[in-house]
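Below: the structure, in structure tokens.
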Amino acid sequence: MSTSGLTFDEFASAHLDALLRFATALTNDRELGADLVQDVLLRAHVRWAHVGSRTDPVPYVRRMIVNEFVSWRRKWARVVPGVNLADEGPETGAPDHADRYADHLSLLHELERLPRRQRAVIVLRYYEDLPDNEIAQVLGCTTSTVRGYAMRALRALRVELAAPGATRIGGAERRKP
Amino acid sequence: MIRTEEALREALKVRAGEAVSPADLLGRLDAQAPGRGRRRRNVLLVTVLIVVFAVAGVAVFGHWLYDRRPPAGIPSPQPTPLVKSTLRMPLGPPFQDTFTITPEAGFVVQGRQIRPWGERQTLSLPNDPRLGVAAVTVFRTDTPLTMIKRGLNDTIGEWEALQTGDPVVVAGHPGRLAEVKILGAAPDIAMQRFMRAEAPNGVLRKDLGPPPLPARAPMLAWQWAPNSWAVAQWGEGGPAARAAVQRLAAAVRIGPRPVLVPFTIDSLPATVDERVALWLWDQPATLLQVSFGETAAHEPDPFDWLAGITIDLTHQRNFRPKPTPSNAVISILVNGRSVLWVPEQHGLVSEIYPDWWLEVRQLMPRSKKFTQADFLAVARSMRFATNIADRSTWFDAAIALPH
């Protein structure tokens with residue numbers, strides 16, 4: 001039994017769903033996400049005496065996932081398609097549900113084209129709601145580097161930041177009531 | 001369009017919601033995690049029991065179906081009992097094309113895989129890119145269709161639906177055409193990914209993975225010879241796809257043709273066998289991949305090539321691994337080029353021609369069944385075409401590759 005009080009099986013049962021969702025958001029692909037989690041958990045299982053000795057193994061495993069994702073080089077780059085979004089048609093009329101759905105897809109495609117570290121920052125910030133200092137710990141860089149990644153990624157994704165005066169809750173910008 | 005952070009958050013949430021179920025992954029982990037011998041044995045026992053019951057069930061069901069068989073002339077593509085036939089597929093050594101598509105039909109072959117069970121070609125129709133990607137699979141004569149049910153080729157989809165499909169005739173051979181749901185969770189993940197990668201603008205990746213899925217897509221199976229089936233399928237539905245899949249089936253010409261490869265391999269470790277998989281892709285990137293399975297696995301296994309040795313020759317401009325303390329340059333030349341040992345991929349990398357990269361490795365390196373010396377022995381036994389761009393200098397795969 002480790003310090004966290006969790007065996008590997010207990011950890012996997014409790015957190016696998018969340019890790020899979022996180023990895024799917026990170027890779028933008030359900031199968032790649034599953035492969036990523038599978039790779040990481042197999043390594044975590046072998047080293048569970050070390051991994052499970054932490055008070056909360058989740059951040060450590062999440063960091064393993066991000067590191068594995070960032071270090072995936074060409075075996076995955078080869079099979080994840082690039083998307084030429086410039087070919088998509090012009091905007092017409094007011095956006096309806098279909099437009100929003102199409103924009104979701106388009107946004108995810110564009111996310112896929114971001115450099116790995118930028119993509120990781122976006123997912124950690126907007127999916128996991130981590131603050132920038134924790135993202136910096138996950139990625140092993142400084143907070144200002146994280147902000148730089150985020151700024152470049154948001155610019156590439158054409159995402160408008162919340163208005164000045166917004167308050168940071170968790171890792172995300174939320175408007176004050 | 002300017003987006004909000006909320007839209008980004010929502011999009012990520014939607015994508016995350018498409019994650020595979022934990023139960024699926026736990027199954028994989030159970031099968032792979034070290035130190036779980038007892039559980040593995042239990043799973044194996046359960047699997048054996050399931051297979052035994054399934055085989056018995058299929059036999060009973062097959063007998064029942066035989067009694068209810070449709071009128072002569074319209075065979076139903078139900079699982080064919082394994083019958084030893086004098087007609088062998090793919091009509092020659094393993095490294096021959098099983099079939100071709102007549103060029104006048106307008107289909108463009110994007111890639112093909114030659115596997116022990118037969119051959120599949122993936123095609124597009126440039127005149128109508130909205131249809132996405134089609135695939136034609138021709139199975140070896142002695143491949144029982146029950147294998148498809150067992151997961152050998154799950155991208156086929158709802159095989160049973162074909163049994164009630166519309167009777168059609170393909171080049172004088174009887175077949176069935178039906179709208180089926182394409183299964184996204186193919187065990188042959190690599191193939192699925194390549195199919196995604198080659199789709200125009202990556203659209204197909206949306207349509208092959210569940211959910212969201214198109215309602216149904218057309219599939220046509222026909223019996224081109226006794227006990228021999230071929231399947232044409234389209235990635236998207238609609239009347240245009242239904243017509244296109246019939247045109248595609250009509251354009252299939254089954255017959256042997258040499259496959260050319262730009263290298264020869266003379267030596268393999270003793271622990272790999274001749275069960276091979278050969279992928280040849282022209283789009284989106286040129287890739288030639290030969291994988292040799294393990295001798296240990298005797299049952300058809302869609303993943304056998306993952307655990308064996310894989311040899312890739314890929315055209316990539318932006319790939320240049322740098323020597324580091326862990327990526328060591330080995331003082332051995334292959335085709336006059338130095339070889340890099342990359343521990344993280346448990347394999348060798350070498351630039352054989354400018355921007356053409358050779359990799360000799362084990363795709364699933366966890367078990368590390370092969371050593372650096374094994375990979376080096378394979379690489380050093382290889383000979384390469386004098387001019388990669390000139391296919392007249394390439395080799396006949398039936399002679400160049402061990403099988």
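Each chain gets a letter, A, B and so on, in the order the sequences are listed, and its residues count up from 1.
Taking the six-membered ring for Trp and the full ring otherwise, the centers of A/His50 and A/Tyr60 sit less than 6.0 Å from each other.
There is no contact between A/Leu26 and chain B, counting heavy-atom distances below 4.5 Å. With a threshold of 4.5 angstrom between heavy atoms, A/Ile122 approaches chain B through its backbone and through its side chain.
Interatomic distance, B/Glu5 CD to A/Leu157 CG, rounded to the nearest 0.5 Å: 11.5 Å.
Contacts with chain B were tallied for A/Leu19, A/Leu20, A/Val123; A/Leu20 has the most, counting heavy-atom pairs under 4.5 Å.
Taking all atoms of both residues into account, the shortest heavy-atom contact from A/Gly33 to A/Ala23 is O-CB, 3.5 Å.
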Original post:
Could you walk me through whether A/Asp17 and A/Arg21 pass the salt bridge (charged side-chain N to carboxylate O under 4.0 Å, His left out) check?
Top reply: CA-CA 6 Å; A/Asp17 192 27; A/Arg21 286 168 179 269; 3.6 Å; yes
